[in-house]
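Down below is the structure, laid out as structure tokens.
Count residues from 1 along the sequence. Only a predicted model underlies this, so the values are computations on that prediction, with no experimental measurement involved.
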Amino acid sequence: MALPAQTTPPSPANVEGSAHSTDSSLREQALGHIFLGQLLAFMWRKGTRDIEVLKSEVDRGGYDVVLEANGFIRHLQLKSSFCGSKVREVDASTRLLRKPGGCILWLEFDHDSLAIERFYWYGGPPGMPLPDLGSRISRHSKGNSHGEKNERPIHRVLTRGRFEALADIREVAEKLFG
């Protein structure tokens, strides 16, 4: 009689890594709430209480949240990666170019705690449209039945080098609303 195959339990690093993949939607929602909490708390301390936050039900317009304060509307796309990640580029929808005050904020967060460590900004000054996204068309991350990774015609690739590093939530608020 054959003995059952020995299985080794996954290492903690593999379990954590897989959670970031398998539960990425939950992680993105959590990071969005963490960011909004930091922004609203900063605005409160600054005395700016006339701020509106509208969340998108459907990710069709290229943005996650609409923010309004100081007379400016921002259609904001949130991107994220954990500290130490090899991710150096993100995809952005060209539909964001048609939205008032379109902008992209890339959050770099702690792998374990989800604490936001750094902010990277891509956008124009308050009241101005999103700058050009460039011409590099993104591709699907998974191949089709033939293994081909088809183009995503309305998405462009932005490298981290095109983003401006911001020191803290104060600088984020200034970029958003002046």
Side-chain angles (χ1 to χ4, degrees), residues 5-36 54-67 73-124 128-166 172 175-176:
Q6 294 282 337
T7 59
T8 43
S11 71
N14 289 341
V15 171
E16 289 176 27
S18 67
H20 280 282
S21 296
T22 60
D23 296 327
S24 61
S25 293
L26 174 62
R27 181 192 70 201
E28 295 303 315
Q29 287 296 315
L31 287 167
H33 287 288
I34 292 166
F35 162 70
L36 288 172
L54 306 169
K55 297 222 19 158
S56 173
E57 278 290 322
V58 179
D59 187 8
R60 181 159 169 74
Y63 62 91
D64 296 306
V65 65
V66 179
L67 303 169
I73 296 174
R74 289 297 202 164
H75 284 76
L76 177 64
Q77 175 71 54
L78 293 171
K79 300 293 185 178
S80 66
S81 60
F82 57 82
C83 296
S85 168
K86 292 182 177 27
V87 174
R88 295 292 175 254
E89 56 190 33
V90 294
D91 294 345
S93 173
T94 56
R95 290 180 175 154
L96 190 56
L97 291 164
R98 297 189 299 243
K99 300 296 180 187
C103 53
I104 304 166
L105 187 65
W106 189 340
L107 310 172
E108 194 173 74
F109 63 92
D110 179 79
H111 184 273
D112 298 321
S113 69
L114 299 186
I116 299 171
E117 301 288 332
R118 284 179 269 300
F119 301 94
Y120 296 94
W121 169 262
Y122 188 82
M128 299 303 294
L130 181 69
D132 183 55
L133 295 173
S135 59
R136 186 172 161 208
I137 298 172
S138 73
R139 294 188 168 274
H140 287 278
S141 59
K142 295 181 181 176
N144 63 15
S145 61
H146 304 290
E148 300 161 338
K149 294 182 178 180
N150 294 328
E151 287 185 341
R152 298 174 70 198
I154 67 164
H155 289 84
R156 299 295 179 266
V157 177
L158 292 172
T159 60
R160 171 134 337 141
R162 295 191 61 193
F163 286 75
E164 178 184 350
L166 303 178
V172 172
K175 289 290 187 184
L176 288 168

- Are Arg152 and Asp91 close enough for a salt bridge, meaning some N to O gap below 4.0 Å? yes
- Supply the atom-to-atom distance Trp121 CH2 to Ile104 CD1, rounded to the nearest 0.5 angstrom. 9.5 Å
- Looking only at heavy atoms, which two atoms of Gly32 and Leu78 are closest? And how far apart? CA-CD1, 4.0 Å
- Item | Flag side-chain contact, heavy atom, 4.5 Å: Leu133 against Leu96 | no
- Could you check whether the rings of Phe163 and Trp106 sit parallel, tilted or perpendicular, using 30° and 60° as the cut-offs? perpendicular
- Considering only NZ, NE, NH1 and NH2 on the basic side and carboxylate oxygens on the acidic side, decide whether Lys175 and Glu164 come within less than 4.0 Å. yes
- Item | Side chains of Val66 and Leu76 in contact at under 4.5 Å (non-hydrogen atoms) | no
- Would you check if Leu54 and Val65 make a side-chain contact, meaning some heavy-atom pair closer than 4.5 Å? no
- Task: Answer with yes or no whether the side chains of Ser80 and Glu28 bring together a donor and an acceptor at under 3.5 Å.
- Result: yes
- Closest heavy-atom pair, Cys83 versus Arg118, reported as atoms and distance to 0.1 Å, is SG-NH2, 3.9 Å
- Nearest-0.5 Å distance, CZ of residue Arg162 to CZ of residue Arg156: 11.0 Å
- Could you state the interatomic distance from CG (Leu36) to CG (Leu67), rounded to the nearest 0.5 Å? 6.5 Å
- Would a 4.5 Å heavy-atom cut-off, applied to side chains only, mark Leu158 and Glu89 as touching? no
- Query: Does Arg74 reach the main-chain N or O of Gly101 with its side chain, forming a donor-acceptor pair under 3.5 Å?
  - Reply: yes
- Here the pair of heavy atoms bringing Asn144 nearest to His146 is OD1-N, 2.8 Å
- Val157/Ile137 under side-chain contact (heavy atoms from CB on, under 4.5 Å): CA gap, chis, key distance, verdict: CA-CA 6 Å; Val157 177; Ile137 298 172; over 6 Å; no
- Taking the side chain as every heavy atom from C-beta outward, state whether Tyr120 and Arg160 have any atom pair closer than 4.5 Å. yes
- Beyond-backbone contact of Arg60 with Arg95, side-chain heavy atoms, under 4.5 angstrom: yes
- Distance from Lys79 atom NZ to Asp64 atom CG, nearest 0.5 Å? 7.5 Å
- Query: When you look at NZ of Lys149, are more than 12 heavy atoms from neighbouring residues, nucleotides or ligands closer to it than 6.0 Å?
  - Reply: no
- Do Phe82 and Leu114 touch side chain to side chain, with heavy atoms closer than 4.5 Å? no
- What is the minimum heavy-atom distance between Pro131 and Gly124, and which atoms define it? CD-N, 3.5 Å
- May I ask you to test the Ile116-Phe35 pair for a side-chain heavy-atom distance under 4.5 Å? yes
- Message: Rounded at 0.5 Å granularity, tell me how far CG in Leu130 sits from OH in Tyr63.
- Response: 14.5 Å
- Heavy-atom closest contact (Gln77 atom, Gly62 atom, distance): OE1-O, 2.5 Å
- Nearest 0.5 Å please: distance from the CZ atom of Phe119 over to the CD atom of Glu108. 11.0 Å
